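Each remark here refers to the structure printed beneath this line.
Keep in mind that this is a model prediction, so the values were computed, not measured.
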Amino acid sequence: MFRIVPLAAALLLTTAPAPPDLQATLSKLDAASARFTNAEAHVRREAYNALIKDTDTQEGTLYVIRTKDGKSQMGMRTEGAGARTIEYRNGVIRDFIPSAKCYNTVSKPGIDTYLSLGFGGSGKDLAAAWNITDLGPDAAMKSEKLDLVPKNPAVKSNVTHVTIWLDLDEDVTRKLVFYTPTGDTNTATYSNIVLNKKINTKPYDISGSPCQ
């Protein structure tokens, strides 16, 4: 004897969302990356310390430029207590501390891994640096939500995984959360994103001398 499925149940079965297609997601990023020139955005950073259960919040602006040879240049300025300016150029990170009027040169293992995270990064770059789980679209964030586990052991010793919200049409990051082995998290949320316009990088210039 055939069992009659109630109409409401049948509709639910036929309208269930398809599972995320990771290859389609990466292909969209590849296409958007080819169109990306630069971006500037407001950034809000929240660093949570699990040991003391405290969150430090900073706000500022960020820019990213992708050159024709596929390389990246980046600058970020934050304001208020603990203000700093960070620059990535020609493969070198400099971290300027205004209160000390000096900067540190930062050597970060697997820097290319971090540079693959949105703002012009291609799907190919992302897949090369991370093991990816596509968590599907997030309508509220107008983005695709991905969970990333670093392939580089040096990076994985500092970051267990990253959750990222990527706008696949524009190839920009809306939000990302870094999770560390100690339970700390670092969250960056980006807003007021302006794409492919001339950027004045002068406010991001680093002056002073190296810190001793």
Check the pair Thr173 / Leu166 against side-chain contact (heavy atoms from CB on, under 4.5 Å), numbers first and verdict last.
-> CA-CA 5 Å; Thr173 305; Leu166 276 171; 3.7 Å; yes
With sequence neighbours left out, the residues meeting side chain to side chain contact (heavy atoms under 4.5 Å, CB included) with Ala24 are Asp21
Under the 3.5 angstrom rule, does the side chain of Thr180 hit a backbone N or O of Val159 as a donor-acceptor pair?
-> no
Any donor-acceptor pair under 3.5 Å linking the side chain of Asn38 with the backbone of Lys197?
-> yes
With side chains defined as the heavy atoms from C-beta onward, is the minimum distance between Val106 and Ile86 less than 4.5 Å?
-> no
Kindly state each residue pair satisfying salt bridge (charged side-chain N to carboxylate O under 4.0 Å, His left out) with at least one member in [range], sequence neighbours excluded.
| range | answer |
| --- | --- |
| residues 86-106 | Arg84-Asp95, Glu87-Arg89, Glu87-Arg94 |
| residues 174-194 | Asp167-Arg174 |
| residues 130-152 | none |

Nearest heavy-atom pair of Pro181 and Ser157: which atoms, and what distance?
-> CG-O, 3.4 Å
Locate the shortest heavy-atom distance separating Arg66 from Ser72; write the atom from each residue and the value.
-> NH1-OG, 3.0 Å
Around Asn90, counting heavy atoms of other residues, nucleotides and ligands shown, do more than 12 lie under 6.0 Å from its CG?
-> no
May I have all residue pairs that pass ring pair (Phe, Tyr, Trp, His ring centres under 6.0 Å) and include part of residues 37-86, sequence neighbours excluded?
-> Tyr63-Tyr204
With sequence neighbours excluded, give me every ring pair (Phe, Tyr, Trp, His ring centres under 6.0 Å) pair touching residues 66-98.
-> none
Group every Ile, Leu, Val, Met, Phe, Trp and Tyr by side-chain heavy-atom contacts under 4.5 Å, then state whether [X] and [Y] land in the same group.
| X | Y | result |
| --- | --- | --- |
| Ile65 | Ile206 | no |
| Ile93 | Tyr103 | no |
| Phe36 | Ile199 | no |

Sequence neighbours left out, what pairs pass disulfide bond (SG atoms under 2.5 Å apart) with at least one residue falling in residues 123-196?
-> none
Quick one: which residue pairs count as a disulfide bond (SG atoms under 2.5 Å apart) with a foot in residues 57-92, not counting sequence neighbours?
-> none
In short, side-chain hydrogen bond (donor to acceptor under 3.5 Å, both in side chains) pairs touching residues 121-131 with sequence neighbours left out are Ser116-Trp130, Ser122-Asp125
Pairwise distance CG(Leu146) to OG1(Thr163) - rounded to 0.5 angstrom = 9.0 Å
Kindly compute the distance separating CD1 (Ile164) from CG (Leu126), expressed to the nearest 0.5 Å.
-> 7.0 Å
Hydrophobic cluster (4.5 angstrom, side-chain heavy atoms) - remaining members for Met141 = Trp165, Val177, Tyr179
For Val92, the hydrophobic cluster (side chain heavy atoms closer than 4.5 Å, chained through members) also holds none
Start with the C-alpha distance between Leu176 and Leu148, add both sets of side-chain angles, then the distance that settles side-chain contact (heavy atoms from CB on, under 4.5 Å), and finish with yes or no.
-> CA-CA 10 Å; Leu176 57 82; Leu148 313 173; over 6 Å; no
Contacts under 3.5 angstrom, residues 187-195 side chains, donor-acceptor by atom type, not counting sequence neighbours:
none

